[in-house]
Amino acid sequence: MLTAEWYLNPAAWSYGLATLAFAVFAVQLSLGWNGGRASFFLLAAIILSAFWAAATCSFAVLPGAPMWVSARVFDVLAIGALLAFLASLFVPARGQVRRPLWLMALVAAVVLGALLLPVPPPSVPDLGRGMHAWAFSILLAQSVLGLVLVEQIYRRTAEPRRWNVRPLCVGLAGWFAFDLVLYADAMMFRVLDEPLWAARGIAHALVIPFLGIAASRNRQWDLEVTISRGVLTQSSTLLVVGLYLLGVSGAGYYVRFFGGSWGVTLAAVLVFAALLLLAFIAISETFRAKLRVLVAKNFFAYRYDYREEWLAFTRTVSAAASEASVQSRCITALADLVESTGGSLWLRQGEGGYGEAERTVSAPVAAIEPAGSALVRFLAGSGWVLDLNDVRRDPEKYDAAILPEWIAEMPNAWLVVPLLNGDDLVGFVVLARSRVSLDPNWEVWDLLKTAGTQAASYLALFQATEALLEARKFDAFNRMSAFVVHDLKNLVAQLQLMLRNAERHAANPEFQRDMLRTVEHVVGRMNHLMLQLRSGESPIDKPRAVDLAALVRSVHATRVANPRALQVEAAVGVWALGHEDRLERVVAHLIQNGIDAAGEGARVAVRTWRDGDFAVVEIKDNGMGMTQDFIQNQLFKPFASTKDKGMGIGAYESHQYVTALGGRIAVESTPGHGTTVRVFLLAAAPQGRLHAVEEAA
């Protein structure tokens with residue numbers, strides 16, 4: 001009970017100081033008032049708070065029902081004005097019909113409920129068998145609403161302007177948080193806690209400096225805080241959940257109170273079942289879809305927030321990290337716009353028509369829609385989104401859109417969205433029925449048509465990229481085939497030379513041995529070329545140390561058409577990093593080019609030596625030479641050659657391979673005075689030493 005001596009009563013001092021503080025602040029706000037809706041509600045809240053504090057102080061000194069009722073009325077009106085002040089800071093969002101009047105209506109409903117339901121004084125037990133629990137629930141909801149509004153104001157204020165609202169948000173968050181604790185405690189114990197109630201006056205007075213700072217920073221309160229669809233949906237969800245839990249709490253209380261010996265058990269079962277149902281509803285896509293539609297219908301002039309929808313559509317379609325295919329992502333992106341459960345994508349299959357390329361719901365349909373069918377012509381010509389229900393109701397409106405038989409195999413088919421890339425019908429998407437009762441209108445059609453065009457562009461780009469990759473694979477294969485054909489030409493030349501000599505030296509045992517070695521070499525080279533063709537352009541094994549002296553001698557013995565024209569001066573112990581067969585091909589090509597360029601009097605000198613970190617092979621001929629322009633612009637380009645029967649592949653392949661190894665090819669030539677080609681390769685340790693180092697490691 002309240003203390004008889006008023007000067008010993010903490011509530012009297014708390015609310016007395018609060019009366020003085022609110023009165024002074026009300027005078028200060030009145031003197032500096034510049035008009036405006038928000039300023040009016042704030043001033044009203046402070047004035048009403050002063051009356052509330054004065055009435056409560058009077059009740060603390062002289063307890064009585066009239067003073068308690070007056071204090072309660074002023075308290076509810078003051079909190080209502082404060083909530084109206086917060087609601088007035090919100091401005092209409094894009095696409096919203098008007099200022100969020102629904103928020104004002106919600107504030108009015110909470111205030112009316114708090115006024116109508118009686119609240120007992122502190123420390124007075126609830127004699128109405130639970131009637132006061134509803135009053136405490138309304139007061140608790142009032143505090144929760146205030147905290148939600150404060151949080152949304154801070155979140156929705158632009159970062160540069162948050163400096164203006166920080167004191168306001170901190171002060172009012174403390175105001176409503178204190179009330180939340182007070183009324184939550186009252187709900188649990190069904191009585192107002194006297195010490196907490198006594199501290200409420202001074203606690204609210206401590207908020208005044210924060211409000212004063214905020215008022216000085218915001219003379220006109222033009223914060224331009226907007227309420228987005230996401231906020232509305234989240235707030236509506238919170239409200240629904242709160243009302244649901246309040247209802248469950250009330251039902252549990254009455255079951256426990258009137259249930260006798262079964263009361264506690266039945267209350268526990270009721271709460272568990274209610275929470276289980278709440279969890280199921282929370283994860284329900286249908287519930288969330290219905291809530292989004294409800295918010296869009298009742299609070300906004302337009303169904304969609306186009307910015308959010310377009311960002312979500314783009315994220316879904318371009319989610320490269322997703323395991324779903326591009327086609328599946330396009331279906332999902334379109335389905336999400338109308339809360340559909342999924343659908344199937346039909347794409348053009350060459351000239352044969354349109355077939356089902358992907359689906360996310362229903363069974364596959366093994367049908368082909370001809371390219372010249374009535375449905376395809378209608379979609380390509382009109383670009384309309386077809387509502388299949390409307391087509392069946394009024395077929396005369398869609399005289400060209402004859403529904404194919406395979407539509408009957410999709411019982412949940414609802415909409416057909418054309419995918420137009422310009423005037424080209426890339427395909428179409430058949431969407432399944434929506435999770436909610438959605439009546440499509442012009443806004444839905446426009447959004448789906450635009451999204452279908454975007455999806456068509458994405459699918460066309462994806463198909464073009466796949467075709468380009470396939471073309472590149474064929475290009476790489478063709479380029480490798482050209483290299484193989486070039487090497488085969490050289491191998492055929494060796495066999496032809498051997499056949500010409502066989503007529504004169506067939507009985508010579510030494511020639512027979514050379515012929516067998518040549519055939520063995522050609523067979524090995526051909527097998528290696530076939531293996532290289534299957535594995536691609538890259539060598540099938542890693543580079544290793546190659547003895548250049550042995551390689552040059554092998555080329556001299558087996559791969560040169562005119563061995564007498566070649567003079568070899570190979571230094572012993574010069575090793576290079578590479579692939580023996582590829583390096584042999586490079587050196588053989590350069591030597592043969594020198595011999596071919598010099599003609600009948602050909603003289604080609606080959607030398608090898610070590611030059612720092614490089615092993616060098618030099619091929620010098622006395623041929624016709626080349627111009628600097630040809631060396632710089634054509635020599636190492638594919639299909640460029642000075643020989644009548646040349647393919648122009650050998651020099652290009654040699655240059656590509658040597659460069660890939662980290663080396664280079666240098667050419668010095670003067671027309672009429674021959675050519676010198678130097679191949680610089682990364683030097684390597686001899687093979688034996690290389691094995692020893694690897695084993696030691």
Side-chain angles (χ1 to χ4, degrees), residues 285 289 303-350 353-362 364-365 368-369 371 373 375-388 401 404 406-407 410 412-435 438 440-469:
E285 289 286 344
R303 185 189 301 271
Y304 297 103
D305 182 344
Y306 293 100
R307 175 181 174 274
E308 293 296 332
E309 295 293 346
W310 207 248
L311 289 174
F313 181 88
T314 305
R315 281 194 300 268
T316 303
V317 171
S318 60
S322 173
E323 296 181 358
S325 64
V326 174
Q327 293 89 343
S328 178
R329 297 201 300 269
C330 286
I331 298 172
T332 302
L334 288 170
D336 288 344
L337 296 176
V338 289
E339 304 295 347
S340 171
T341 56
S344 63
L345 172 66
W346 293 65
L347 294 177
R348 187 168 44 226
Q349 311 288 338
Y354 296 81
E356 189 180 48
E358 186 62 73
R359 69 184 186 283
T360 58
V361 293
S362 72
V365 178
I368 296 294
E369 184 65 18
S373 70
L375 175 64
V376 171
R377 290 200 309 271
F378 182 84
L379 293 175
S382 66
W384 287 10
V385 177
L386 287 181
D387 183 349
L388 297 179
W406 54 263
I407 286 286
M410 305 174 67
N412 290 326
W414 175 36
L415 302 176
V416 180
V417 183
L419 305 180
L420 287 168
N421 185 25
D423 294 330
D424 180 31
L425 184 66
V426 176
F428 53 88
V429 174
V430 182
L431 294 178
R433 296 189 186 280
S434 175
R435 299 183 182 90
L438 182 64
N441 57 10
W442 63 268
E443 189 181 2
V444 176
W445 304 140
D446 286 349
L447 182 62
L448 284 176
K449 285 172 63 176
T450 307
T453 302
Q454 181 72 9
S457 301
Y458 195 83
L459 288 170
L461 179 62
F462 177 74
Q463 291 172 345
T465 302
E466 281 194 326
L468 180 61
L469 291 175

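As the structure is a computational prediction, the values presented were derived from the model and not from experiment.
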**Report entry** Atom of Pro418, atom of Gly383 and distance for their closest heavy-atom approach
**Finding:** CG-O, 3.6 Å
Query - Partner set under side-chain contact (heavy atoms from CB on, under 4.5 Å) for Gln327, not counting sequence neighbours - result: Ser325, Leu345, Leu347, Glu358, Leu459, Phe462
Report summary line: Looking only at heavy atoms, the pair that brings Tyr458 and Arg329 closest together is OH-NH2, 3.9 Å
Query raised in the report: Closest approach of Ser344 and Glu356, non-hydrogen atoms and distance?
Result: CB-OE2, 3.1 Å
Report task. For Leu379 and Trp384, run side-chain contact (heavy atoms from CB on, under 4.5 Å): C-alpha distance rounded to whole Å, both residues' side-chain angles, the deciding distance at 0.1 Å, then the answer. Result -> CA-CA 6 Å; Leu379 293 175; Trp384 287 10; 5.9 Å; no
Please list, one pair per line, the donor and acceptor atoms closer than 3.5 Å that link side chains of residues 419-434 to other protein atoms, with sequence neighbours excluded.
{"unit_1": "Asp424", "atom_1": "OD1", "unit_2": "Arg348", "atom_2": "NH1", "d": "2.8"}
{"unit_1": "Asp424", "atom_1": "OD1", "unit_2": "Arg348", "atom_2": "NH2", "d": "3.3"}
{"unit_1": "Asp424", "atom_1": "OD2", "unit_2": "Arg348", "atom_2": "NH2", "d": "2.9"}
{"unit_1": "Ser434", "atom_1": "OG", "unit_2": "Val338", "atom_2": "O", "d": "3.1"}
{"unit_1": "Ser434", "atom_1": "OG", "unit_2": "Glu339", "atom_2": "O", "d": "3.3"}
{"unit_1": "Ser434", "atom_1": "OG", "unit_2": "Val436", "atom_2": "N", "d": "3.2"}
{"unit_1": "Ser434", "atom_1": "OG", "unit_2": "Val436", "atom_2": "O", "d": "3.2"}

**Report entry** Atom pair CG/CZ of Leu375 and Arg377 - distance to nearest 0.5 Å
**Finding:** 10.0 Å
Query - Option among Trp346, Tyr354, Trp406 that satisfies the side chain to side chain donor-acceptor pair (under 3.5 Å) test with Glu369 - result: Trp406
Report summary line: In this structure, CD1 of Ile331 is separated from OG of Ser340 (nearest 0.5 Å) by 10.0 Å
Requested in this report: Please tell me if the side chains of Leu415 and Leu388 come closer than 4.5 Å, counting only heavy atoms from C-beta onward.
Outcome: no
Query raised in the report: Considering all heavy atoms of both residues, which atom of Leu334 and which atom of Ala451 are nearest to each other, and what is their separation?
Result: CD2-CB, 3.6 Å
Query raised in the report: Step by step, would you call Val385 with Val416 a side-chain contact (heavy atoms from CB on, under 4.5 Å)?
Result: CA-CA 6 Å; Val385 177; Val416 180; over 6 Å; no
Requested in this report: Quick one: list whatever passes salt bridge (charged side-chain N to carboxylate O under 4.0 Å, His left out) with Asp336, sequence neighbours left out.
Outcome: none
